[in-house]
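Everything below concerns the one structure shown next.
To find a chain, count down the sequence lines: A is the first, B the second, and so on, and within it residues start at 1. Values reported hereafter were calculated over all heavy atoms of this structure, with side chains retained and with hydrogens, waters and symmetry mates removed.
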Amino acid sequence: MTTPRVRYAPSPTGEPHIGNIRSALFNWLYARATGGSFIVRIEDTDQNRLVPGAFDAILDALDWLGLDQDEGPRVGGAYGPYVQSERLNLYTERAAWLVAQGHAYYCDCTSERLDAMRKAQQEAGRSPGYDRHCRERGLAPTDGTPTVVRFKMPTEGTITVRDRIRGEVSFEAGLLDDFVLLKSDGFPTYHLANVVDDHAMAITHVMRAEEWLPSAPRHQQLYQAFGYDMPELVHLPIILGPDRSKLSKRHGATSVRQFQEEGYLPDAMLNFLAMLGWSLDGETDVLSREDLQRHFSLERVVASPAVFDHAKLDWYNGTYIRALTPGALALQLAPLLEGQGWRVDPAYLARIVPLEQERLKKLSEAPEALAFFFNEPHPEAIVQSLPKGLDAATTKHALEAALHTAEHAEDWEPQALEAAYRGLAEGLDIKTGPLFGAVRVAVTGRTAAPPLFDTLAVLGRERVLARLRAAIGALG
RNA sequence: GCCCCCAUCGUCUAGCGGCCUAGGACGCCACCCUUUCAAGGUGGAGAUCAGGGGUUCGAAUCCCCUUGGGGGCACCA
């Protein structure tokens, strides 16, 4: 068996979509698992849909996820160029060859005629498709009249393609029309460029989303007409939104960039995406990048579509955040916190990060979660959040006592502080819950926060004293 | 409308004829731990394997039909 060569072939028409990148991931994993090559080819054959910046966005997304390429526009390779607009000569030559061989023909039907034709077909209750008006006209390309090149599909018989996931799939040839190979602007369509390049780049496995399955018989006919060997077809299950329709913008975040900005970790993303349509054994669900590269196999890719479950992604992300070393997390968080305008001292950050690490689901939550380490809590927030179990007078009295305890604490360390405050609770004859709760709110402005005494220790005595005084003042 | 694909807990899935009175994970609920929130631990609810026919001694697993869902029918990819 030859070494696999697989490819990810996106169009630079916008921000890379998460469903799209999942295809990239499966290709990459297969290449890595088999010792094959992962190739990226940019399919920019639709001049009208090009979006400036999309080219870089795609490659940046791959870089962010760590899907390193063996060949591609940024890394080069022996089969380049890896951008289709730089390969136009190849397509026009191949299209002309097909015409010369009698497999294709020129067509000058106007879009008006085609529209009218389709409309009539629909109204007659037939399925839309080119009526082969120009098939036998023997047109030659002429100046002035826009022409396209169409492929001659068989008009009868059955076309059977073999898909790695689904087995044999048959199509009635007569239902497939003579599709366009070369557009009137001289650019190839997807069908032509894809087949020509996959062959030219010695691709062994075409792995793409299932939505491409209906065009497989056309491609198969093209391979046959060219006399090319057919690569193996692998149509990956599609990713659905919660409503079970194809995942799209209206389902919320779908671009890789959005996930990156929301603070998802590449490895968490990879793990989650890999489990959408593939599994190792049905038991193991946390798999590192290395595990995935080692164990990925086509045999275990399922045929049915998968719903994108945001909650599960969040769980994966939390799991991977917790697995980070505190130092690594701090490094990730520093720019986010600095973005708030906070001066982030590395030593201070190193102390607060462990306190929040197991509570974070996304990195983007950090600024809010850690805000009280940088900003003084708002007095109003304090008053509103104070424990309801105690009346105002008792609360104030408790905080005054807490202030006193803090002022006289001998050792400003978590254990010592806890001991001192437990003693205080006893002396005040208040349960530790309400007491600690009142102090927590006074010092952090929140009812939910990291362990109180660790927090006090990190905040430092001076700030704690100031905040307790402010809280007491706010109580009037 | 036509063509194609798919069908196990709400979700991701294990299962490839007997090991299944269907396993794991997320989510959910309860309890434990506990100063709050998390994290962690334990337990629970949750799928008559879409429905109906076959095949077989035996079917979630094989075949057919029905139903449901999805995808595709451009000079877009």
field: Same-atom distance (P) from B:A45 to B:G10, integer angstrom
entry: 15 Å
statement: When rounded to whole Å, the CG to P distance for the pair A:N317 and B:C12 reads 20 Å
query: If you take atom types as modelled and just measure distance, does the side chain of A:S304 reach the base of B:C6 with a donor-acceptor pair under 3.5 Å?
result: no
field: Pair assignment for B:U35, Watson-Crick or G-U wobble, requiring both distances under 3.5 Å
entry: none
task: Give the rounded distance in Å between these two atoms: CG of A:L276 and C1' of B:U11.
output: 10 Å
query: Rounded to the Å, how far apart are A:E211 CD and B:C6 C1'?
result: 15 Å
- prompt: Looking at side-chain heavy atoms only, is the closest gap between A:L139 and A:C107 below 4.5 Å?
  reply: no
- request: Taking atom C1' in both B:G54 and B:G72, compute the distance separating them and give it to the nearest angstrom.
  value: 32 Å
- request: Kindly say if A:S279 contacts the phosphate of B:A14, meaning a side-chain N or O under 4.0 Å from OP1 or OP2.
  value: yes
- request: Report yes if at least one side-chain N or O of A:R218 is closer than 4.0 Å to OP1 or OP2 of B:C4; otherwise report no.
  value: no
task: Would you please classify the geometry between the A:F308 ring and the A:F259 ring as parallel, tilted or perpendicular, with 30° and 60° separating the classes?
output: tilted
Residue-phosphate contact under 4.0 Å: A:R300 side-chain N/O, B:C12 OP1/OP2: no
- line: As its Watson-Crick or G-U partner within any shown strand, both distances under 3.5 Å, B:U48 has none
query: Start at the 5' end of RNA chain B and walk down; is the nucleotide closest to A:S245 or to A:L175 reached first?
result: A:L175
Sugar-phosphate, base or nothing in reach of A:R322, heavy atoms under 4.0 Å: sugar-phosphate
field: Among B:G72, B:C12, B:A77, the nucleotide that comes nearest once only the side chain of A:P214 is considered
entry: B:G72
- prompt: Looking only at side-chain N and O atoms, does A:R150 come under 4.0 Å of OP1 or OP2 in B:C75?
  reply: yes
- prompt: For A:R41 and B:A77, is the shortest distance between a side-chain N/O and OP1 or OP2 below 4.0 Å?
  reply: no
- prompt: So, for A:F187 and A:Y91, is the gap between ring centers shorter than 6.0 Å?
  reply: no
message: Would you measure the distance from the C1' atom in B:C49 across to the matching atom in B:A22 and give it in whole Å?
response: 8 Å
field: Minimum-distance nucleotide (side-chain atoms of A:R244 versus B:C75, B:C12, B:C5)
entry: B:C12
query: With a 4.0 Å cut-off on heavy atoms, is A:T284 in touch with a base, just the backbone sugar-phosphate, or nothing at all?
result: nothing
query: How far, in whole Å, is B:C75 from B:G68 if one measures between their P atoms?
result: 32 Å
- prompt: Out of B:C3, B:U36, B:G24, which has the shortest distance to the side chain of A:K312?
  reply: B:G24
message: Need the pair for B:U67. Rule: Watson-Crick or G-U wobble, both distances under 3.5 Å, any strand; none if unpaired.
response: B:A7
message: If you only use heavy atoms from C-beta on, which nucleotide in B:U11, B:A77, B:U35 is closest to the side chain of A:E43?
response: B:A77
query: Do any side-chain nitrogens or oxygens of A:K183 fall under 4.0 Å of OP1 or OP2 in B:C76?
result: yes
- prompt: Does a nitrogen or oxygen in the side chain of A:S215 sit under 4.0 Å from OP1 or OP2 of B:C73?
  reply: no
- prompt: With both distances under 3.5 angstrom, what nucleotide forms a Watson-Crick or G-U wobble pair with B:G1?
  reply: B:C73
query: What's the closest nucleotide to the A:F171 side chain, out of B:C4, B:C76, B:U11?
result: B:C4
- prompt: So, is A:K246 close to the B:G72 phosphate, meaning a side-chain N or O under 4.0 Å from OP1 or OP2?
  reply: yes
- prompt: Should A:V302 and A:S279 count as side-chain neighbours, where that means a heavy-atom distance under 4.5 Å?
  reply: no
- prompt: Of the nucleotides B:C76, B:G24, B:C26, which has the atom closest to the A:E283 side chain?
  reply: B:G24
statement: Between A:P146 and A:A306, the residue closer to the 5' end of RNA chain B by nearest nucleotide is A:A306
- request: Choose from B:G23, B:G71, B:A77 the nucleotide whose nearest atom is closest to any side-chain atom of A:I238.
  value: B:G71
query: Just checking, any donor-acceptor pair under 3.5 angstrom between side chains of A:S288 and A:D291?
result: yes
message: Using a heavy-atom cut-off of 4.0 Å across all strands, would you classify A:P237 as base, sugar-phosphate, or nothing?
response: nothing
message: Going by purine N1 to pyrimidine N3 plus the second Watson-Crick contact, or the G-U wobble pair, all under 3.5 Å, which nucleotide sits opposite B:U61?
response: none
P gap between B:C9 and B:C32, integer Å: 33 Å
- prompt: B:C65 and B:U13: how far apart are their C1' atoms, nearest whole angstrom?
  reply: 28 Å
query: How far does the P atom of B:G24 sit from the matching atom of B:G15, given to the nearest Å?
result: 15 Å
query: Out of A:R150, A:R218, A:Q221, which residue meets the side chain to side chain contact (heavy atoms under 4.5 Å, CB included) rule with A:F179?
result: A:R218
query: Taking the side chain of A:D309 as heavy atoms from C-beta outward, which of B:U35, B:C3, B:U11 is closest to it?
result: B:U11
- request: Remember a base hit wins even if backbone is also touched, and classify A:P305 as base, sugar-phosphate or nothing at under 4.0 Å, heavy atoms.
  value: sugar-phosphate
query: To the nearest Å, how far apart are A:Y8 OH and B:A77 P?
result: 16 Å
- prompt: Should A:R422 be listed as having a side-chain N or O under 4.0 Å from OP1 or OP2 of B:U35?
  reply: yes
- prompt: Of all the choices, B:G27, B:C5, B:C75, which nucleotide is nearest to the side chain of A:L114 once you look at every atom?
  reply: B:C75
- prompt: A:F26 ring centre to A:R22 NZ or CZ under 6.0 Å, with the angle to the axis within 45°?
  reply: yes
- prompt: If you check every side-chain atom of A:W315, which of B:A77, B:G27, B:U35 has the closest atom?
  reply: B:G27
- prompt: With distance as the sole criterion, do the side chain of A:R359 and the base of B:C37 form a donor-acceptor contact below 3.5 Å?
  reply: yes
message: I want to check something: taking the side chain as every heavy atom from C-beta on, are A:Y8 and A:R208 in contact at a cut-off of under 4.5 Å?
response: no
- prompt: Expressed in whole Å, how much space separates the C1' atoms belonging to B:G52 and B:C57?
  reply: 23 Å
- request: State yes or no: are the ring centers of A:W212 and A:Y190 separated by less than 6.0 Å?
  value: yes
task: Describe the nucleic acid contact of A:G125 in one word from base, sugar-phosphate, nothing, applying a heavy-atom distance below 4.0 Å.
output: sugar-phosphate
